[in-house]
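Numbers here simply count residues along the sequence, with the first being 1.
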Amino acid sequence: MSIGFGLERLGLLTLRFPRIMAIAVLAFTALCTFQLTKFNIDGDLLRLYRGSGIEYDRYMALNENFGTFENDVYLLVRSDNLTDPETLEDLRFLGFELELNEFAAGTMSPFSLRRPAEGGTSVPAVPEGMETRAQVAAALDDLRANDPLMSNLILADNAGMVMIMFPDPEISIERGDEAMIASMRELIAAYASEDIRIELTGPSIWKQEVLNASRFDQLMFMFAGVALGFFTAFLSFRTFWGALIATFAPVVTAFWVTGMTILVFGSFTFLTNIVSALVLVIAFAESMYFCLYWMRTGNSGVDQRQALVETVRKVSPACALTTITTIIAFVSLTLAPGQGLREFAISGAMGMALAFLALVTFLPLSLLLAVRLGFKMRKTPAAALTAPIPFVRRLARAAPRPAAIVAIIVVGLLLIPHFLLEARFRFQDFLPRGSDAIATSERIDAGVGGVAPVYIRIPLQGGLTEMTDGDFATVEKVHQIAENNFGAGKAISAASFRHYSDLGFSRERIFEAVGPFLRQRFVTDDGMQALLTAFSPTSENAQQTVALIESMRAELAAAGIEGAEISGFRVLTAYASLDMIATLQISLVLAVFLSVVLIGIAFRSWKMALVAVIPNSLPVLLTELFLYLSGIHLQLTTVISLTIAFGIAVDDTIHFLAHYARARERGESIAHAVDTTLDRVGPALIATTLILIAGCAVVTVSVLPQVALFGLLTIITLLAALIGDLIVLPALLIGGGMMFARWSERKNEIRA
């Protein structure tokens, strides 16, 4: 059995039955092309965390009992003349139109709220008919000081207010978020002026920004990736047609991956967008390696068709093994919770399998056609690819044993920052750089408290017509705990209406005054559960959120309040992301271990597996050193990038070891086998790394910070991997060979 576990036979079947395989390839391509007509991208960030554990379940239970929160739209209305009665009335009409919007199930604004009045009636919370600035200012100051709801809706300097639109879930699903946001923008455009400035933010706006950025990324990754790959191939082969042939297989792979991802998952996400770019550049790298080997074999005097057969036999097994190790890296990510990561892992593994399929079917078919048309590669690759090899060879020969020992020591020292890295997460890092919605959220944070609500679900004994005194006392106790942690006035609940109760109004009259929709945001219809909403800043990171929530949970337990649950999208993302990062760290270690074991099994040599550890650990550990020194530490995409970049980095090691093993089988000495391998494989490793870096460079310009960081870290890892394979690995092979030889001599002496 070969190191590719016999998978290279698919390439030999292609050469033996080219017409049948061509029909099969065309049929599969047609299927994937048809799927492209259904192409769409889902910008829903909740999809990333779906099924991630108890915090997700709590959030969904919250939505089920009190309605959905993930699509709320916040309007920040600012005006230097807010106390002008005319301006205030214009905004009142805006509030009314917002409430009448076709997408609105309800609203909360200074104008939608009412307060109980004498005679069992209610009046607008913001009085109508005010005639002077002083009256308006006094009314707003009074509301902000004495009405807990208003304190979170009116800015402290009376220079603005917040309005919240709660979308109707059925209409939102039927019409889509884009239509809803377009409707909102049309509405605010009618009221916006030099004096009145209106900005939108909230989960649905964030989702739309992620969606737009992902769409742009998808187009950029594909077109720029193909262009850069073709350009690198052209510089390597120095022929247009050679570069075009090397480009065909990656492009077809991209079609296949896109089509199958849509078929399996129905849509792309901002994470699976990365898979398309990754698989494209990996397919380019393998295609380049394949074509370079074919070129060298054909130019040595072998018939072009026979050279193709020889290439399939010699290159495909290593490519099969590299595919398996990269699939292992992707599959290891499925250990982490959350639908988004599972989709990323599965689509990545599927993409790698498709890339190998294209390499051993479509590429040989393309080269067969090219040979029939009389195409021939140039005799040698570009000088830029071969120029570094003599220098690298001298380094490997200069002091192999000391170099090997130094490499081992360096890897040992790099384990220190590995264990010092901390898991970190900030929700805003998932949104585009320069996000208008985040800037608006931060202005709301500074003005009234926050656009990142945290919810506490409080179990009650029950009271269908009016909350009982016992239940109200429980809500008050929870309310006090929330204000102790979030700040005075930063929580709203049924206890917020204590001042109305003190005036003699029943709780039922108070809930009637706020309206049926808002009532549901305080207590369920059956009176069995109450809700408290606390406002936290959008800028808080996961560690701050978790510390706050744990403090509150401890206080609730100490107060004897059983069954209360704290949730919210901010809580979900904080806990789930930190949990994902911790699990992904385990996935990385597992991927490294399994890949090394697989190399040992494939080459039937524990020495080969041992030698592969250092050059493949070095890139990951150096990248982790960068993360530690830069203060980035471990984030969701950084751990993913380390795992996947490791899977890619192993590819070069496998190609090097495969050629080295063949040289040793021919009877060459260790040093001579290393020289031969550097001469023949070195240029290909440089070319493929250049293509990988070029493709990942496209990813670094994404406006999504986490995606851009993924690209940057992958580039760092790939550069370190190239150094490891061209300098460290040869030194280990030569130096290790010397040490093993000495050990063998000593054993023989002892036996003698």
Side-chain angles (χ1 to χ4, degrees), residues 72-104 106-115 123-147 149-167 179-206 208-209 434-451 489 535 537-539:
D72 293 354
V73 179
Y74 290 74
L75 284 72
L76 174 60
V77 184
R78 293 185 294 160
S79 174
D80 295 332
N81 291 312
L82 186 66
T83 55
D84 183 348
E86 291 186 8
T87 301
L88 187 71
E89 291 309 309
D90 286 342
L91 298 184
R92 191 189 301 275
F93 280 114
L94 170 61
F96 290 159
E97 285 206 50
L98 183 65
E99 195 163 355
L100 295 173
N101 185 272
E102 58 184 326
F103 287 92
T107 64
M108 185 164 70
S109 76
F111 307 108
S112 66
L113 296 176
R114 302 180 68 81
R115 56 183 178 181
V123 297
V126 179
E128 296 175 320
M130 292 184 285
E131 298 179 353
T132 67
R133 286 178 177 270
Q135 286 180 309
V136 174
L140 296 181
D141 288 341
D142 176 67
L143 288 169
R144 190 174 56 253
N146 299 307
D147 190 313
L149 291 178
M150 290 298 184
S151 67
N152 289 287
L153 296 176
I154 302 173
L155 273 60
D157 55 1
N158 285 342
M161 61 177 59
V162 176
M163 300 181 183
I164 308 174
M165 191 273 279
F166 308 113
M180 178 183 71
I181 295 170
S183 175
M184 288 291 98
R185 296 198 185 282
E186 183 180 355
L187 172 61
I188 65 176
Y191 287 88
S193 64
E194 291 184 4
D195 187 43
I196 299 175
R197 302 175 298 282
I198 310 173
E199 303 167 23
L200 296 178
T201 189
S204 58
I205 313 298
W206 301 338
Q208 191 63 39
E209 288 189 339
S435 165
D436 291 334
I438 280 293
T440 301
S441 298
E442 290 173 349
R443 282 191 279 271
I444 293 176
D445 290 346
V448 295
V451 188
F535 297 95
T538 314
S539 58

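Between D72 and P167, the closest side-chain pair of non-hydrogen atoms falls below 4.5 Å. The shortest distance between side-chain heavy atoms of D84 and V136 does not fall below 4.5 Å. A 4.5 Å side-chain heavy-atom check between E99 and F111 finds every atom pair outside the cut-off. A heavy-atom distance below 4.5 Å is not found between the side chains of L153 and M161.
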Checklist line | Worked check of side chain to side chain contact (heavy atoms under 4.5 Å, CB included) between L200 and R185 | finding: CA-CA 8 Å; L200 296 178; R185 296 198 185 282; 3.8 Å; yes
Check: Passes side chain to side chain contact (heavy atoms under 4.5 Å, CB included), R133 versus N81? Steps please.
Finding: CA-CA 9 Å; R133 286 178 177 270; N81 291 312; 3.1 Å; yes
Next item on the list: Kindly indicate, with the supporting measurements, whether the criterion side chain to side chain contact (heavy atoms under 4.5 Å, CB included) is fulfilled by M180 and V73.
Entry: CA-CA 10 Å; M180 178 183 71; V73 179; 3.9 Å; yes
Check: For L82 and L91, what are the C-alpha separation, side-chain angles and deciding distance, and is it a side chain to side chain contact (heavy atoms under 4.5 Å, CB included)?
Finding: CA-CA 9 Å; L82 186 66; L91 298 184; 3.2 Å; yes
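By the 6.0 Å contact criterion, CD on E131 is open, its count of non-hydrogen atoms from other residues, nucleotides or ligands being 12 or less. Atom CZ of F96 has more than 12 neighbouring heavy atoms from other residues, nucleotides or ligands inside a 6.0 Å radius.
For R443 (side chain) and L76 (main-chain N/O), no donor-acceptor pair under 3.5 Å exists by modelled atom type. Not a single donor-acceptor pair under 3.5 Å links the side chain of S183 to the backbone N or O of A179.
Rounding to the nearest 0.5 Å places OG1 of T107 at 9.0 Å from CG of L100. Rounding to the nearest 0.5 Å gives a distance of 5.0 Å between CG of D80 and CZ of R197. Between the CG atom of L94 and the OG atom of S109 there is a distance of 8.0 Å, given to the nearest 0.5 Å. Taken to the nearest 0.5 Å, the CE atom of M165 stands 5.5 Å off from the CG atom of N101. Once rounded to the nearest 0.5 Å, the distance linking CG of D157 with CZ of R78 reads 10.5 Å. Expressed to the nearest 0.5 Å, how far CD1 of I196 lies from OG of S79 amounts to 5.5 Å.
The heavy-atom pair separating R92 from V126 by the smallest distance is NH1-O, 3.2 Å. Scanning all heavy atoms of the two residues, the minimum distance from Y74 to G202 falls at CD1-CA, 3.9 Å. Across all their heavy atoms, M130 and P85 have their closest contact at O-CB, 3.4 Å. The minimum heavy-atom distance between I154 and P110, with the atom names listed, is CG1-CG, 4.1 Å. Minimum interatomic distance between I198 and Y191 (heavy atoms only, all atoms of both residues): CD1-CB, 4.0 Å. Summarising the geometry of L187 relative to L98, their closest heavy-atom pair is CD2-CA, 3.9 Å, with the distance given to 0.1 Å.
Side-chain N/O atoms of S435 and E209 include a donor and acceptor closer than 3.5 Å.
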